[in-house]
Amino acid sequence: MITENLQKAINDQITAELWSSNLYLQMSFYMEKEGWDGAAHWLAKQSEEEKEHATDMAHYLIKRGGEAKVSMIDVVPEGWGSYADVFENVYKHECHVSELINGVVDIASAEKDKATQDFFWGYVREQVEEEATASSIVDKIRKAGDAGLFYIDAELGKR
Ligand code: OFO
């Protein structure tokens, strides 16, 4: 059975994942409106992935005898700037999520809950990948210049 404290931390993380999902969906709509269909597709996929993370965490919590809750999701920002601005914000947000996930591991560790530590270590590793992916997209955008953006957009559309 999971402790109340840990249950709250996981439910907070579920809310954060759903917020991330909405953030990326909003970015996806923005890029679609700007005519960047590849980025819009990439961001829509990322939005789906974040929702899957929330669901995965909820299933885990229920399996451990806890109660999963969907809390109110705050409104996400809108009106992004350039192509680079959008992906710089994706990168920044992923770094922030990594800190949140580390926080859940810390609580699980303080509660000596090995299963939850192990479960969230999976997400710690996944965040390394997500940060690296976002950072490499930002890098390519910076190197590409305006004309190169069409190539990058086509590549992102293949996700
Ligand atoms: Fe939920 O994976 Fe990144 O944020």
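Every number for a ligand or one of its atoms is a count from 1 in the order of the listing.
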Original post:
Is there a chain of hydrophobic side chains (I, L, V, M, F, W, Y, each step under 4.5 Å between heavy atoms) that links I10 to I107?
Top reply: yes

Original post:
Distance only, no hydrogens: is a donor on one side chain within 3.5 Å (strictly under) of an acceptor on the other, for Y123 and S98?
Top reply: no

Subject >> All side-chain hydrogen bond (donor to acceptor under 3.5 Å, both in side chains) counterparts of K33, not counting sequence neighbours >> reply: none

Original post:
Can you name the residues that form a side-chain hydrogen bond (donor to acceptor under 3.5 Å, both in side chains) with S82, not counting sequence neighbours?
Top reply: D85

**OP:** Give me the protein N, O or S atoms that fall under 2.8 Å of atom 3 (Fe) of ligand 1, sorted by chain and residue number.
**Re:** E94 OE1, Q127 OE1, E130 OE1

**OP:** For the residue pair Y83 and F87, categorise the inter-ring angle as parallel (less than 30°), tilted (30 to 60°) or perpendicular (more than 60°).
**Re:** parallel

Original post:
Other hydrophobic cluster members with I62, side-chain heavy atoms of Ile/Leu/Val/Met/Phe/Trp/Tyr under 4.5 Å, chained?
Top reply: none

